[in-house]
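Read through the structure below, which is laid out as structure tokens, and then see the notes.
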Amino acid sequence: MTTPHLSNFDKNKPALDVPKLYTRGVKLWVSKVRVNTQAVLKRAQHIQGRKLAKKQWQAAWLLKAVTCIDLTTLAGDDTPSNVHRLCLKAIQPVRYDLLKSMDMHDKGVTTAAVCVYPSRVADAVKSLKAANSSLPVASVATGFPAGQTPLKTRLEEVRMAVVDGATEIDIVINRTLALTGQWEAMYDEICQFREACGDAHMKTILAIGELGTFTNVYKASLVAMMAGSDFIKTSTGKEAVNATYPVAIVMVRAIRDYFLCTGHKVGFKPAGGIRTAKEALVWLTLMKEELGDDWLHPHLFRLGASSLLADIERQIYHYVTGQYAAFHELPMA
């Protein structure tokens, strides 16, 4: 993956000026990107082959993973009641008695956020407020998951979610623009989404399973960051291919290159198909090795998941009791 010379950028620019980078010669950076596929695959294989933490260290890492989860429901049959249940689970993601056994009951362990459709944002905000919780509400938007609705409609969806109380917005890019190499047009669209988000954090979903090549993934990552994204996210969870380690390597290397050139830190969110505690540990290992300890906190790392938490809580139950719980013994999300 190629990196531009540092003189192309003003590293002292404040974060709000970062989107202007695209008009300052960075088109050359995007146009000259090439990704070494074999090197990416080899690195991904190495990450997956690493030995993972065991016993109390594993339990500690799993609790770390819990605090980085965007607990999500994006189903066609979502109702106020199941959103309410999701919010309560996000506030108390691991059974109190298990946390007390680990002396973690008073450490404020929650998930990072709850993530819902725009029409359910008000329900989530109401449930969290009633529980006296300040947990963020994230909303998907911009014609999720396909992003094929008119731009005006996509922008209005963002604004409505923010008005209803969403403090984080997960947008989707227009994949047609990426696949046809219209990077400046994609940059302009994302800038408009950034403006519509206002003070809300913006996570940009690349839908990597539909971008075709690692080179397109890297370019889309750069453009999304240049346009002011607070996070870049792998997938909607609705594509045939979602979060994979090779694609993650490409995206986090783009994040690292961008940070080295601008001094601006952008977060990373893998999403789609992450279901087991073991996978969560691999993702944390990848972040630590590729980006460092700063990216092991929810302000720079999220795990988009709906069923992952259940397996993590099951593993913690095993650590505390020496037995595996049946799923009916643990509160549902």
Side-chain angles (χ1 to χ4, degrees), residues 65-96 107-145 147 149 152-172 190 192-205 228-231 233 235-238 267 269 271-272 297-310 313 331-333:
V66 168
T67 66
C68 294
I69 291 176
D70 280 356
L71 195 59
T72 303
T73 181
L74 296 171
D77 59 355
D78 282 344
T79 62
S81 61
N82 75 299
V83 169
H84 178 67
R85 186 175 70 237
L86 185 85
C87 291
L88 294 182
K89 184 64 175 177
I91 295 168
Q92 183 69 64
V94 179
R95 257 176 37 179
Y96 180 84
K107 300 299 190 294
V109 176
T110 69
T111 66
V114 294
C115 184
V116 296
Y117 276 120
S119 58
R120 300 270 72 90
V121 167
D123 297 328
V125 170
K126 181 181 178 181
S127 293
L128 291 169
K129 185 176 181 180
N132 197 30
S133 171
S134 59
L135 206 64
V137 174
S139 173
V140 296
T142 67
F144 179 94
T149 52
K152 182 179 179 180
T153 304
R154 285 179 279 154
L155 288 167
E156 187 59 27
E157 190 176 37
V158 173
R159 297 186 188 104
M160 290 176 64
V162 172
V163 168
D164 282 347
T167 55
E168 300 180 0
I169 303 293
D170 289 29
I171 69 163
V172 291
I190 298 174
Q192 292 182 65
F193 297 146
R194 171 70 272 173
E195 185 177 358
C197 285
D199 292 333
H201 282 231
M202 185 174 77
K203 308 191 200 91
T204 300
I205 307 170
S229 302
D230 296 293
F231 274 74
K233 176 179 171 181
S235 321
T236 66
K238 308 295 185 180
K269 178 179 175 180
H297 302 279
H299 69 283
L300 287 173
F301 178 60
R302 300 289 180 86
L303 288 160
S306 54
S307 58
L308 170 64
L309 180 57
E313 189 175 19
M332 291 176 60

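Worth saying up front: this structure is predicted, and the values here are computed from it rather than measured.
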- prompt: Going by heavy atoms in the side chains, are Pro93 and Ile69 under 4.5 Å from each other?
  reply: no

query: To the nearest 0.5 Å, how far apart are OG in Ser139 and CD1 in Ile171?
result: 12.0 Å

message: Counting C-beta onward and ignoring hydrogens, is there a side-chain heavy-atom pair between Tyr117 and Leu74 closer than 4.5 Å?
response: yes

Donor-acceptor contact present, side-chain Arg154 to main-chain Ala141, <3.5 Å: no

query: For the atom pair CG (Leu86) and OG1 (Thr73), what is the distance rounded to the nearest 0.5 Å?
result: 6.0 Å

- line: Between Ala200 and Arg194, the two heavy atoms sitting closest are O-NH2, 2.6 Å

- line: Residue pairs meeting salt bridge (charged side-chain N to carboxylate O under 4.0 Å, His left out), one or both in residues 110-120, sequence neighbours left out, come to Arg120-Asp123

task: Give the minimum heavy-atom separation between Ala65 and Leu303, together with the two atoms involved.
output: O-CD1, 4.1 Å

- request: Without swapping roles, check the side chain of Arg85 against the backbone of Ser81 for a donor-acceptor pair under 3.5 Å.
  value: no

- prompt: Considering all heavy atoms of both residues, which atom of Leu71 and which atom of Ser306 are nearest to each other, and what is their separation?
  reply: CD1-O, 4.3 Å

- prompt: Between Ala113 and Leu135, what is the shortest heavy-atom contact and its length?
  reply: CA-CG, 4.2 Å

message: Could you tell me if the side chain of Val121 sits less than 4.5 Å from the side chain of Val116, heavy atoms only?
response: yes

query: Thr72 side chain to Asp70 main-chain N or O, any donor-acceptor pair under 3.5 Å?
result: yes

query: Backbone N or O of Pro331 within a donor-acceptor pair of the Lys89 side chain at under 3.5 Å?
result: yes

message: side chain to side chain contact (heavy atoms under 4.5 Å, CB included), that's the test. Do Thr110 and Thr67 meet it? Break it down for me.
response: CA-CA 6 Å; Thr110 69; Thr67 66; over 6 Å; no

- line: So side chain to side chain donor-acceptor pair (under 3.5 Å) across residues 124-137, not counting sequence neighbours, yields His84-Ser127

- prompt: Do the side chain of Asp230 and the main chain of Met202 share a donor and acceptor less than 3.5 angstrom apart?
  reply: yes

- request: Report yes or no: does Thr236 contribute a side-chain atom to a donor-acceptor pair with the main-chain N or O of Lys238 at less than 3.5 Å?
  value: yes

N/O donor-acceptor pairs under 3.5 Å from side chains in residues 156-167, not counting sequence neighbours:
residue : atom : partner : partner atom : Å
Glu157  : OE1  : Thr142  : N            : 2.8
Glu157  : OE1  : Gly143  : N            : 2.8

message: So, taking the atom named NZ in Lys269 and the one named OG in Ser235, what distance separates them when rounded to the nearest 0.5 Å?
response: 10.5 Å

message: Any carboxylate oxygen within less than 4.0 angstrom of a Lys/Arg side-chain nitrogen, looking at Glu168 and Lys203?
response: yes

- prompt: Could you give the distance from CD1 (Ile169) to CZ (Phe231), rounded to the nearest 0.5 Å?
  reply: 14.0 Å

